[in-house]
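For reference, the structure is listed below as structure tokens.
Chain letters run A, B, ... following the sequence lines, proteins first, then strands; residues in each count from 1.
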Amino acid sequence: MSRILITSALPYINGVKHLGNLVGSQLPADVFARYMRARGNEVLFICATDEHGTPAELAAAAAGEPVADYCARLWQVQKDLADGFRLSFDHFGRSSSPENHRLTQHFAGRLADAGLISEVMEKQIYSPADGRFLPDRYITGTCPNCGYPRARGDQCENCTKQLDPTDLIEPRSAISGSTDLEVRETKHLYLRQSLMRDELRRWIGTKTDWPVLSTSIALKWLDDGDGLQDRGITRDLDWGIPVKRGNEEWPGMEGKVFYVWFDAPIEYIGATAEWAHATGRGEDGWQRWWRCDLGAADVRYLEFMGKDNVPFHTLSFPATILGANQDGREDWKLVDYIKSFNYLNYEGGKFSTSEGRGVFMDQALDILPADYWRWWLMSNVPEGSDSNFTWESFQAGVNKDLADVLGNFVSRVTKFAAARIGTEVPEGTYGPAEEAVIEELTRRLAAYEAAMDAIELRKASQELRAIWVAGNEYLQAAAPWTAVKTDPARAAAIVRFSLNLIRLYAVLSQPFVPDASASMLDALGIEDAHWPTDIGAALDMLATGAAFSVPDVLFAKIDDARREGFEARFAGAA
RNA sequence: GGGCCUGUAGCUCAACGGUCAGAGCAGAGCGCUCAUAACGCUUUGGUUGCAGGUUCGAAUCCUGCCGGGCCUACCA
């Protein structure tokens, strides 16, 4: 048994996330966490909302709510959706928590003590009409390069040229449209990650087992241009974690807050502390997961995220951890494995929040159960390259894999048994046919476990499907509907074995389709779902005489008319 | 512009220097009738983007060309 810490990239607070967000972080992390728990490991699975930053403030303003209220409300929305998708977080926290305030300020103090913080006087655009400093991309104007009238201050979307807001012709606030913009001086803290370039490169160099996506992005940022750049970690905003140096005030930084990208990864730790406090554990309850000097030395820590998050998790956050560890008085846990994902597209294009294009988490659960989404998304997860959601593929995958192969197996076994044998698990002795299945499943289970251990989720889903198929093959060859007329004892043995297969499938499928798994176990009236170590023993688990029932259809098929309706409904504003 | 990834059967993907390049879906045929018109068996289908090179041997390594995607640092 190992101790495994799993974090999913934090969903940003400003609204319901779409399937593309879900597929690359929370969902694969959940599948892995469920698997690791099932294997008997001590797992802590942490997620939280990422609540700070300009977009949150603007979204709250647009909703006419105080930002704290807005975030509290949207946290609940996201929490309910996570529950709806059966995401098995041990804790779903908030980056605005008191725990995160304290930890973020603590880390800033540690970094300052280590000489890794510099104070930089810089010039930022201030908008009196909006009453705030504007991030580059919140300033729009005409591109000096191509004349595109809606270029953003960081980059022109039309000609892709990198811009500085002061380059724009007729710049205006993207929020209010105000052209009354001024350049103001403001002081900010920078994390001197450039000083840690060699140390980071050495560390990344040891991670030969990571997805290339993770390491190549990290190396690119380390070596591109002048190399890794220092990064501003404070902002002139109201909503955020006040800049402090540990418990002390930070002279000259009054009224400023930490940058969301500084405090968000620290919330992995913060949320663990929230969990410890919420569950009556003391400080050591979270420290034993995060402090190698306080009991976390044997923890294996894995992070799940989309590729856009990789630079912060391979460089900035590790720099924060390494910096805090520098004097040897504290020893914080560095990540051991970064599982990163490409993007999921929608019908050949991008998911678009602004255009309402694609399926969002709330809509998904409105139309179909979580298991359908979980299965299709994980069996098509963008591991190697970007992948594409189409309704046709979704319909085909769900109908074939879940309804026909798994659901129908459960249905044909239980219905046949109930009609011809009885609704109690019969006696029976296994013969060569069963031995052959046991041998095959022993091999296939090893392959499934190997794929899951390696977090190769597409491959794992294929292996799991092959395990389901083996049941249909067996049933076809064993033909209990024939045996029941000629050799009732044989028919009983086949039914006994098949009912045990359902139980085995429930156990093995639980990481991907937890609700269906629960329905299967419920139909068998059994609670013991421990992971098998011996397939032969696992297929003789059900007690003779135990009652079972015929469950409702596990997965209803999606017919063509329904699919076409979905296609039209989610195509987005024309 | 630079960097990274990628181009394998109609579709989605495996095979990561070595037996006839595999699997699922879709298509075709047969079988079964317990089951959600489900299942099983068999089968059609690929000069592995193109052109060179290295090697006893290349989808796999190298070079060039053509095509697709992503990233390029203060939105998160």
- Query: On a whole-Å scale, what distance lies between the C1' atoms belonging to B:rC16 and B:rU8?
  - Reply: 14 Å

Whole-Å distance, A:D401 CG to B:rC25 P, equals 8 Å

Taking B:rC32 as the reference, what is the distance to B:rG68 when you measure between their C1' atoms (whole Å, please)? 45 Å

Taking the six-membered ring of A:F512 as reference, does the NZ or CZ atom of A:R374 fall below 6.0 Å from its centre and within a 45° cone about the axis? no

Whole-Å distance, A:Y12 OH to B:rC74 C1', equals 13 Å

*Given side-chain contact (heavy atoms from CB on, under 4.5 Å), test A:F548 with A:L499 step by step and report yes or no.*
CA-CA 9 Å; A:F548 68 88; A:L499 289 169; 3.6 Å; yes

Review point. Can you check whether A:Y343 has a side-chain N or O nearer than 4.0 Å to OP1 or OP2 of B:rC71?
Key: yes

| Parallel, tilted or perpendicular: which fits the ring planes of A:W373 and A:F394, with parallel below 30° and perpendicular above 60°? | parallel

From CG of A:D560 across to C1' of B:rA26 the rounded distance in Å is 13 Å

Nucleotide by nucleotide, nucleotides 30-39 of chain B touches protein heavy atoms under 4.0 Å in the pattern (B base, S sugar-phosphate only, - none) -BSSBBB-SB

Aromatic ring proximity A:Y474/A:F497, centre distance under 6.0 Å:
yes

* Quick check: does any side chain N or O of A:S509 sit under 3.5 Å from a backbone N or O of A:Y505, one acting as donor and the other as acceptor? -> yes

Please measure how far the P atom in B:rG1 lies from the corresponding atom in B:rU19, and state the result in whole Å.
40 Å

Roughly how many Å apart are B:rU63 and B:rU43, using the P atom of each and rounding to a whole number?
41 Å

Which whole number of Å gives the distance between the C1' atom of B:rG17 and that of B:rG53?
-> 16 Å

Remember a base hit wins even if backbone is also touched, and classify A:P311 as base, sugar-phosphate or nothing at under 4.0 Å, heavy atoms. nothing

inquiry  = Rounding to an integer number of angstrom, what distance separates B:rG49 and B:rC11 when you compare their P atoms?
reply    = 13 Å

### Message
Using a 6.0 Å distance limit plus a 45 degree cone around the ring axis, check whether A:K307 lies over the aromatic ring of A:Y343.
### Response
yes

How are the rings of A:F351 and A:H18 set relative to one another: parallel (under 30°), tilted (30 to 60°) or perpendicular (over 60°)? parallel

Between CG of A:L222 and P of B:rA73 the distance, given in whole Å, is 16 Å

Reading nucleotides 3-17 of chain B from 5' to 3' and marking B where a protein heavy atom lies under 4.0 Å of the base, S where only the sugar-phosphate is that close, and - otherwise, the string is SS-------SS----

In RNA chain B, stems of three or more consecutive pairs, Watson-Crick or G-U, each with both distances under 3.5 Å, turn out to be B:1-7 with B:66-72, B:10-13 with B:22-25, B:27-31 with B:39-43, B:49-53 with B:61-65

*Reckon A:G227 touches a base, only the sugar-phosphate, or nothing at all at heavy-atom distances under 4.0 Å?*
base

Q) Sub-3.5 Å donor-acceptor pair from the side chain of A:D386 to the main-chain atoms of A:N342, do we have one? A) no

Discussion item. B:rA76, OP1 or OP2 - any side-chain N/O from A:Y259 closer than 4.0 Å?
Written reply: yes

A:F555 meets the ring-ring contact (aromatic ring centres under 6.0 Å, His included) criterion, sequence neighbours left out, with A:Y372

Note to self: Students often get this wrong, so: under 4.0 angstrom with heavy atoms, is A:K17 touching a base, only sugar-phosphate, or nothing?
What the structure shows: nothing

Rounded to whole Å, CH2 of A:W221 lies from P of B:rC71 at a distance of 11 Å

When rounded to the nearest Å, what value does the distance between C1' atoms of B:rU72 and B:rA14 take? 32 Å

| said: Could you check whether any side-chain N or O of A:N380 sits under 3.5 Å from a backbone N or O of A:W376, counting only pairs where one atom can act as donor and the other as acceptor? | reply: yes

#### Entry: Under-4.0 Å side-chain N/O to phosphate OP1/OP2 contact, A:R465 with B:rA23
no

Sorted by chain and residue number, the side-chain hydrogen bond (donor to acceptor under 3.5 Å, both in side chains) partners of A:R490 (sequence neighbours excluded) come out as A:E434

**Study point:** P atoms of B:rC25 and B:rG64, separation to the nearest Å
**Key:** 41 Å

Rounded to whole Å, CG of A:L237 lies from C1' of B:rC74 at a distance of 11 Å

Run the ring-centre check on A:W261 versus A:F317 and record whether the distance is less than 6.0 Å.
-> no

Check your understanding: Reckon A:Y190 touches a base, only the sugar-phosphate, or nothing at all at heavy-atom distances under 4.0 Å?
Key -> base

Which donor-acceptor pairs under 3.5 Å do side chains of residues 407-425 of chain A form with protein atoms, sequence neighbours excluded?
from: A:R412; atom 1: NH1; to: A:N472; atom 2: OD1; distance (Å): 2.8
from: A:T414; atom 1: OG1; to: A:V410; atom 2: O; distance (Å): 2.7
from: A:T414; atom 1: OG1; to: A:S411; atom 2: O; distance (Å): 3.3

At 4.0 Å (heavy atoms only), tell me whether A:R235 reaches a base, stays on the sugar-phosphate, or touches nothing.
base

